[in-house]
Peer 1: 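One structure follows; several queries about it will come next.
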Amino acid sequence: MKKIVVLIVLMAGITAMAQKPERERGHRGDMKDMSPEQIATLQTKQMTLALDLSDAQQKEIQSINLENAVKRSEKMDEMKARKESGEANKLTSEERYAMKTAMLDHQIAQKEKMKKILNKEQYEKWEKMKKNREGHRKSRGMEEKGKRSGK
């Protein structure tokens, strides 16, 4: 009987240690306490390092990143308010369609802005970076789905 109890306690301990703490999940935890201005500045500096941007390019990209960070922050606040008020029900297919269309329109506009700011070599490198980020995000999403479904 003692062996069974010890075994159960040991298994529970191992299982608890194997779980990632909430604070270590994802990279958004690092940025959730930052202002949109800070996020935009960090993104611009990362792009400057990766793409070797000129001062003029940095200023233009900084304004784009700031605009995007502010919009994201507003959207997050809106989603949080909906969730807290209990209105976070599943979206209808029309609402999902409208959101997806708006997101794709925004991405197209972003690409056009970046084409105007970056030279050809920088733009190609930016596209590659973007694809890598998206691929990483998708693969991470699939891992999370597997964990949630118990696989």
Side-chain angles (χ1 to χ4, degrees), residues 12-151:
I14 290 171
T15 304
M17 294 296 285
Q19 302 297 319
K20 277 188 175 180
E22 190 65 38
R23 68 183 177 279
E24 289 181 19
R25 291 189 189 142
H27 298 289
R28 289 203 173 105
D30 300 343
M31 292 191 166
K32 76 176 180 188
D33 296 329
M34 291 186 196
S35 71
E37 291 80 13
Q38 291 171 322
I39 292 170
T41 300
L42 289 176
Q43 288 175 333
T44 303
K45 287 182 184 263
Q46 288 172 335
M47 287 180 72
T48 300
L49 287 173
L51 302 174
D52 194 27
L53 301 175
S54 68
D55 288 339
Q57 288 174 320
Q58 285 179 45
K59 287 177 184 171
E60 289 181 60
I61 288 178
Q62 171 71 24
S63 67
I64 290 172
N65 284 340
L66 179 59
E67 179 185 324
N68 290 338
V70 168
K71 283 182 183 178
R72 261 193 318 273
S73 177
E74 290 171 355
K75 197 75 165 165
M76 294 281 279
D77 291 342
E78 179 186 314
M79 297 284 275
K80 201 178 285 185
R82 281 185 68 189
K83 188 175 183 180
E84 289 172 358
S85 70
E87 294 178 19
N89 300 337
K90 272 198 158 191
L91 298 173
T92 65
S93 62
E94 289 298 317
E95 290 171 324
R96 270 196 311 274
Y97 173 75
M99 282 178 62
K100 187 75 172 178
T101 302
M103 183 185 72
L104 291 172
D105 288 341
H106 176 73
Q107 287 177 354
I108 291 168
Q110 287 296 104
K111 270 185 139 177
E112 289 301 316
K113 288 178 187 176
M114 294 306 274
K115 272 184 187 177
K116 290 177 183 172
I117 296 170
L118 303 175
N119 65 36
K120 187 175 182 176
E121 184 181 308
Q122 290 171 326
Y123 181 76
E124 288 171 3
K125 194 169 184 181
W126 177 76
E127 280 283 317
K128 248 185 233 177
M129 288 169 39
K130 191 170 166 243
K131 277 190 176 48
N132 286 341
R133 265 193 326 270
E134 288 171 357
H136 178 70
R137 195 176 303 137
K138 285 179 183 175
S139 67
R140 203 172 80 220
M142 294 302 284
E143 290 172 9
E144 290 297 318
K145 279 185 180 179
K147 288 178 186 175
R148 279 185 261 146
S149 65
K151 292 181 181 173

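Atom set for the values below is all heavy atoms of this structure, side chains included, hydrogens, waters and symmetry mates excluded.
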Peer 1: Find the distance between OG1 (Thr41) and CG (Asn65) and round it off to the nearest 0.5 Å.
Peer 2: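 Going from the OG1 atom of Thr41 to the CG atom of Asn65 covers 9.0 Å.
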
Peer 1: With sequence neighbours left out, write down each residue that passes side-chain contact (heavy atoms from CB on, under 4.5 Å) with Leu104, or none if nothing qualifies.
Peer 2: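 Listed in chain order: Lys100, Gln107.
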
Peer 1: I'd like to check the side-chain contact (heavy atoms from CB on, under 4.5 Å) partners of Lys113; sequence neighbours left out, ordered by chain and number.
Peer 2: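 Applying side-chain contact (heavy atoms from CB on, under 4.5 Å) to Lys113 gives Ile64, Glu67, Gln110.
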
Peer 1: Output the distance between atom NZ (Lys75) and atom CZ (Arg72), rounded to the nearest 0.5 Å.
Peer 2: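 It is 13.0 Å, given to the nearest 0.5 Å.
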
Peer 1: Using the side-chain contact (heavy atoms from CB on, under 4.5 Å) rule, take Met99 and Met103 through it: C-alpha gap first, then chi angles, then the decisive distance, then the call.
Peer 2: CA-CA 6 Å; Met99 282 178 62; Met103 183 185 72; over 6 Å; no

Peer 1: Evaluate Lys130 against Met114 for side-chain contact (heavy atoms from CB on, under 4.5 Å), listing each step before the verdict.
Peer 2: CA-CA 12 Å; Lys130 191 170 166 243; Met114 294 306 274; over 6 Å; no

Peer 1: Would a 4.5 Å heavy-atom cut-off, applied to side chains only, mark Leu49 and Lys45 as touching?
Peer 2: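 No - every pair of side-chain heavy atoms lies 4.5 Å or more apart.
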
Peer 1: Asn68: which residues meet the side chain to side chain donor-acceptor pair (under 3.5 Å) condition with it, sequence neighbours left out?
Peer 2: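 If we apply the side chain to side chain donor-acceptor pair (under 3.5 Å) test to Asn68, skipping adjacent residues, the hits are His106.
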
Peer 1: What residues form a side chain to side chain donor-acceptor pair (under 3.5 Å) with Glu127, not counting sequence neighbours?
Peer 2: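 Listed in chain order: Tyr123.
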
Peer 1: Heavy-atom distance under 4.5 Å between the side chains of Glu124 and Lys120, does that happen here?
Peer 2: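 Yes, their side chains come closer than 4.5 Å.
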
Peer 1: Can you sort out the partners of Glu37 under side chain to side chain donor-acceptor pair (under 3.5 Å), two or more places apart, ordered by chain and number?
Peer 2: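 Per chain and number, Glu37 pairs via side chain to side chain donor-acceptor pair (under 3.5 Å) with Ser35.
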
Peer 1: Might you point out which heavy atoms bring Ala69 and Pro36 nearest each other, and give the distance in Å?
Peer 2: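 Looking at all heavy atoms of both residues, the shortest contact is CB-O, 3.5 Å.
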
Peer 1: Applying side-chain contact (heavy atoms from CB on, under 4.5 Å), run through Lys111 and Trp126 and close with a yes or a no.
Peer 2: CA-CA 10 Å; Lys111 270 185 139 177; Trp126 177 76; 4.3 Å; yes

Peer 1: Starting at CD of Glu60, measure out to CG of Leu118 and round the result to the nearest 0.5 Å.
Peer 2: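 Output value for this atom pair is 9.0 Å.
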
Peer 1: Taking only residues two or more places apart in sequence or in another chain, which ones pass side-chain contact (heavy atoms from CB on, under 4.5 Å) with Glu121?
Peer 2: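 If we apply the side-chain contact (heavy atoms from CB on, under 4.5 Å) test to Glu121, skipping adjacent residues, the hits are Asn119.
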
Peer 1: Could you work out, with side-chain contact (heavy atoms from CB on, under 4.5 Å) as the rule, every residue matching Ser93, not counting sequence neighbours?
Peer 2: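 Once residues adjacent in sequence are excluded, the partners of Ser93 under the side-chain contact (heavy atoms from CB on, under 4.5 Å) criterion are Arg96.
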
Peer 1: Table please: side-chain donor-acceptor pairs of residues 50-57 below 3.5 Å, with sequence neighbours left out.
Peer 2:
unit_1	atom_1	unit_2	atom_2	d
Ser54	OG	Gln57	N	3.3
Ser54	OG	Gln57	OE1	3.4
Gln57	OE1	Ser54	N	2.8
Gln57	OE1	Gln122	NE2	3.3
Gln57	NE2	Ile117	O	3.1
Gln57	NE2	Gln122	OE1	2.7

Peer 1: Working to the nearest 0.5 angstrom, can you tell me the gap between Met47 CE and Gln62 CD?
Peer 2: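 Interatomic distance, Met47 CE to Gln62 CD, rounded to 0.5 Å: 11.0 Å.
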
